[in-house]
Amino acid sequence: MRSSRFLIATLKETPSDAEVISHKLMLRAGMIRKSASGLYNWLPMGLRVLRKVERIVREEMDKSGAMEVLMPVVQPAELWEESGRWQQYGPELLRMSDRHDRPFCLGPTHEEVITDLIRNEIKSYKQLPANFYQIQTKFRDEIRPRFGIMRSREFIMKDAYSFHNSTESLQQTYDVMHATYCSIFTRLGLEFRPVLADTGSIGGAFSHEFHVLADSGEDDIAFSNASDYAANIEKAEALPPSTPRPAPQHLMQEVATPGKHSIEEVCEFLKVSPQQTVKTLIVLGEVRADKTQPLVALVLRGDHELNEIKAEKLTGIAAPLTLAPEARIKEELGVGIGSIGPVGLKIPVIVDHSAAHLADFVCGANKDGFHLTGVNWERDEQAPLVADIRNVVAGDPSPCGKGTLEIKRGIEVGHIFQLGTKYSEAMKARVLDENGKEQTMIMGCYGIGVTRVVAAAIEQNFDDNGIIWPDAIAPFQVAIVPINISKSEAVANKAEEIYAELTKAGFDVLLMDDEKARLGAMLADTDLMGIPHRIVIGDRGLEAGNIEYKGRRDAEKQEIPAAGIVEFLSVKIQR
RNA sequence: CGGAGUGUAGCGCAGCCCGGUAGCGCGUCUGUUUUGGGAGCAGAAUGUCGGGGGUUCGAAUCCCUCCACUCCGACCA
């Protein structure tokens with residue numbers, strides 16, 4: 001490609017609405033432009049990267065034995081009614097009507113459509129297992145789209161759905177997908193980790209997320225420092241303390257803590273550490289027969305955070321987890337938030353392991369403006385119902401039994417699930433088995449955020465001058481920068497010659513052939529755009545038959561013979 | 001949904017407090033000189049000042065209203 005015939009839309013200044021580095025650099029490098037909140041245009045430069053990511057994903061999926069299909073973006077409501085998600089999905093599902101007033105939605109995911117398609121096409125166990133995928137636009141009406149392409153409303157996803165007649169078969173395909181995802185992210189040149197994950201709203205039994213490690217990630221990942229264990233913090237189990245609870249040393253006392261509500265304020269006032277306190281959260285319980293929801297208290301150590309996912313799975317607690325309205329707490333417990341404690345509370349209490357392990361702790365006195373000190377379980381309040389309801393923190397023992405946990409930030413770029421029969425059951429997707437009996441198919445589903453991968457790759461590969469693309473997904477692998485083509489025929493000729501040679505050798509080359517372009521501007525642009533290999537051609541070097549090479553990450557440029565450039569780059573560029 | 005903020009040329013911004021008919025830098029176009037790391041000079045084009053309404057002789061500026069966008073929060077308990 002010649003720069004004179006390609007839209008190089010680089011910006012010197014960053015548009016003011018960009019916050020994270022990938023968003024800024026994608027705008028500055030001329031890859032994307034915003035159309036509306038969470039909606040982006042892909043310029044030629046960006047699309048080249050996106051297509052390369054797609055190509056790698058497609059090649060690896062094909063290699064895994066999956067079959068590519070293409071499903072509609074607009075989906076009929078009736079399928080969503082059938083699965084029950086028309087009611088469940090919530091406002092992220094963009095609903096609309098056609099001219100006949102028939103309800104539709106923009107697909108945020110395609111379980112319903114694929115299940116409908118396959119139940120009509122596959123009738124026999126002999127056709128199983130089968131795995132279908134597509135690379136296609138999804139729409140999710142996010143509350144707050146942010147970080148450019150990283151969390152946009154419209155995005156491109158590779159989604160795959162597999163169908164089976166046994167859990168063993170599902171497990172096999174799941175394992176193949178796990179391996180395929182590892183190959184894909186390795187080929188993309190990313191530093192990633194598969195991590196154990198919660199199955200979330202999609203449902204199902206077993207699940208892994210694939211995270212690209214980067215500080216700007218929105219997820220916390222817990223890693224063992226002594227094994228392969230890695231889990232999303234939503235999922236990572238906090239082990240119960242292994243030592244016995246210390247014996248009580250103090251008597252329970254009520255102390256006035258006027259105006260002190262938060263853990264921080266109370267600790268400061270009473271001169272204790274948060275680890276020596278508990279906080280009591282009031283949430284709604286499961287809906288009872290009379291349609292009312294009782295209150296339930298959750299007790300955590302002051303320095304710990306509630307893990308909503310863990311909590312809402314406990315029996316007696318409503319899912320999704322909902323904090324009780326303050327007015328209801330006032331009315332039923334007779335105390336304002338900020339002074340609640342487990343002692344003498346008249347509602348069910350569930351206590352986190354580490355809070356249950358405390359002796360002589362501080363908690364709210366269930367009386368506005370008062371706290372209790374020197375509180376001890378059993379002596380002052382009956383032995384609590386104990387569960388794991390907190391997020392793990394760095395330094396916790398790893399659930400795998402080896403080492404302690406570290407927490408890192410990750411960007412979720414892939415997710416694989418064992419769905420089981422959630423959709424096939426609801427939508428009656430069945431095959432005849434060996435005995436001629438109807439059997440509900442078992443399903444798996446597997447997603448990769450293709451557009452998000454592009455942003456994640458930048459989050460992991462940039463410097464002060466711009467993007468640094470991995471070879472596999474660079475918009476161009478090589479940039480040829482000739483100095484003064486309008487003045488030097490020798491330079492112009494050599495640039496054309498090398499451009500032809502490299503192109504013929506199968507490299508993706510960008511020839512900077514704008515006659516008026518100055519060296520500094522061209523170098524700034526090729527760096528910003530992240531082109532990983534750069535050749536500068538000038539009269540000075542040509543006198544000795546040399547050109548200049550610099551890898552995007554190299555500190556120094558080097559002179560190499562112009563004649564050997566194809567061989568030189570064949571060694572440098574991973575293909 | 002709650003809170004905060006922003007909307008002025010393609011991009012980044014000033015002007016608004018204190019009303020007088022719109023400016024700077026970058027980019028773009030023309031010419032010219034220059035050319036080994038985002039050139040210099042000379043000239044030029046580009047604005048319903050987010051929309052609507054109001055106050056006023058006069059509104060980018062003051063008031064009302066709507067819209068869009070951005071950020072933060074949605075775990076005080």
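The residue among Leu323(A) and Arg534(A) whose nearest nucleotide of RNA chain B lies closer to the 5′ end is Arg534(A). Mapping Asp527(A) and Lys516(A) onto RNA chain B by nearest heavy atom places Lys516(A) closer to the 5' end of the strand.
Rounded to whole angstrom, the span from the CD1 atom of Ile282(A) across to the P atom of C76(B) amounts to 14 Å. Rounded to an integer number of Å, the gap from Lys24(A) NZ to G12(B) C1' is 13 Å. Taking atom CG on Asn484(A) and atom C1' on U33(B), their separation rounds to 14 Å, with Å as the unit. Rounded to a whole Å, the CD atom of Glu268(A) is 16 Å from the C1' atom of C76(B). Atom CZ in Arg151(A) sits roughly 12 Å away from atom P in C72(B) (whole-Å rounding). Regarding His23(A), its NE2 atom lies at a distance of 13 Å from the C1' atom of C71(B), rounded to whole Å. Distance, Leu372(A) CG to A77(B) P: 17 Å, rounded to whole Å. For the pair Ile537(A) CD1 and U35(B) P, the interatomic distance rounds to 20 Å; values are reported in whole Å.
For the side-chain contact (heavy atoms from CB on, under 4.5 Å) with Ile317(A), the lone residue among Ile389(A), Leu298(A), Leu284(A) that qualifies is Leu298(A). No option in Val536(A), Asn484(A), Leu542(A) other than Leu542(A) meets the side-chain contact (heavy atoms from CB on, under 4.5 Å) test with Val491(A).
Using P as the reference atom, C66(B) and U28(B) are 42 Å apart when rounded to the nearest Å. Using atom P as the reference point in both A14(B) and A44(B), the two lie 27 Å apart (nearest Å). Distance noted for atom P between G25(B) and A9(B): 16 Å (whole Å). Distance check on atom P: A59(B) versus G51(B) gives 14 Å, rounded to whole Å. Nucleotides C67(B) and G27(B), compared at atom C1', are 29 Å apart to the nearest Å. Separating the P atom of G5(B) from that of A42(B) is a span of 43 Å, rounded to the nearest Å. Atom name P, nucleotides A60(B) and C13(B): the rounded distance is 22 Å, in whole Å. Here the separation of U32(B) from G15(B), taken at their C1' atoms, is 35 Å to the nearest Å.
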Please write out each protein N/O paired with an N/O of nucleotides 38-40 of chain B under 3.5 Å, distance rounded to 0.1 Å.
unit_1 : atom_1 : unit_2    : atom_2 : d
G38(B) : O2'    : Lys12(A)  : NZ     : 3.1
G38(B) : O6     : Arg28(A)  : NH2    : 3.3
G38(B) : N2     : Asp525(A) : OD1    : 3.1
A39(B) : OP2    : Arg518(A) : NE     : 3.4
A39(B) : N9     : Arg518(A) : NH1    : 3.3
A39(B) : N7     : Arg518(A) : NH1    : 3.0

N/O contacts under 3.5 Å, protein versus nucleotides 66-70 of chain B?
unit_1 : atom_1 : unit_2   : atom_2 : d
C69(B) : OP1    : Ser37(A) : N      : 3.4
C69(B) : O3'    : Lys34(A) : NZ     : 3.2
U70(B) : OP2    : Ser37(A) : OG     : 3.1

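Glu265(A) comes within 4.0 angstrom of nothing in the nucleic acid, heavy atoms only. As judged by a 4.0 angstrom heavy-atom cut-off over every strand, Glu548(A) is placed among the base-contacting residues. Counting any heavy atom pair closer than 4.0 Å across all strands shown, Leu300(A) reaches no nucleic acid atom. Counting any heavy atom pair closer than 4.0 Å across all strands shown, Gly538(A) reaches a base atom. Contacts of Gly541(A) with the nucleic acid, taken as non-hydrogen atoms under 4.0 Å apart, include base atoms.
If you check distances only, the side chain of Glu13(A) never reaches the base of G27(B) with a donor-acceptor pair under 3.5 Å.
Between Trp377(A) and Phe361(A), the angle of the ring planes lies from 30° to 60°, which puts this pair in the tilted group.
Between Asp514(A) and Ser4(A), the side chains place no donor N or O within less than 3.5 Å of an acceptor N or O (distance only, hydrogens not considered). In this model, no donor atom of one side chain and acceptor atom of the other lie less than 3.5 Å apart for Asn232(A) and Asp220(A). Side-chain atoms of Asp508(A) and Gln477(A) form no donor-acceptor pair, as typed in the model, at a separation below 3.5 Å. A side-chain donor-acceptor contact under 3.5 Å links Asp525(A) and Thr10(A). Side-chain polar atoms of Ser207(A) and His415(A) form a donor-acceptor pair below 3.5 angstrom.
Cation-pi geometry between Arg95(A) and Trp86(A) is met: the NZ or CZ atom falls under 6.0 Å from the ring centre, inside 45° of the normal. Figure legend: cation-pi geometry between Arg48(A) and Phe476(A), with NZ or CZ positioned under 6.0 Å from the six-membered ring centre and within 45° of its axis.
Pairing of C62(B), defined by two Watson-Crick or G-U wobble distances under 3.5 Å, is identified with G54(B). Both distances falling under 3.5 Å, in either a Watson-Crick or a G-U wobble arrangement, occur for no nucleotide opposite A9(B). For A42(B), the paired base is U30(B) (Watson-Crick or G-U wobble, both distances below 3.5 Å). Within the shown strands, nothing qualifies as a pairing partner of U35(B) under the Watson-Crick or G-U definition with both distances less than 3.5 Å. Base pairing analysis places A4(B) opposite U70(B); the two distances defining the Watson-Crick or G-U wobble pair are each below 3.5 Å. Across all strands shown, C18(B) forms no Watson-Crick or G-U wobble pair with both key distances under 3.5 Å.
Of the inter-residue distances, the one linking Leu523(A) atom CG with Arg518(A) atom CZ reads 12.0 Å to the nearest 0.5 angstrom.
Distance from the side chain of Val536(A) is smallest for G36(B) among the nucleotides A77(B), G36(B), U35(B). The Pro15(A) side chain lies nearest to G12(B) when the options are G12(B), G36(B), U35(B).
Applying the salt bridge (charged side-chain N to carboxylate O under 4.0 Å, His left out) test to residues at least two apart or on different chains, the pairs with a partner in residues 550-566 of chain A are Asp463(A)-Arg552(A), Asp527(A)-Arg552(A).
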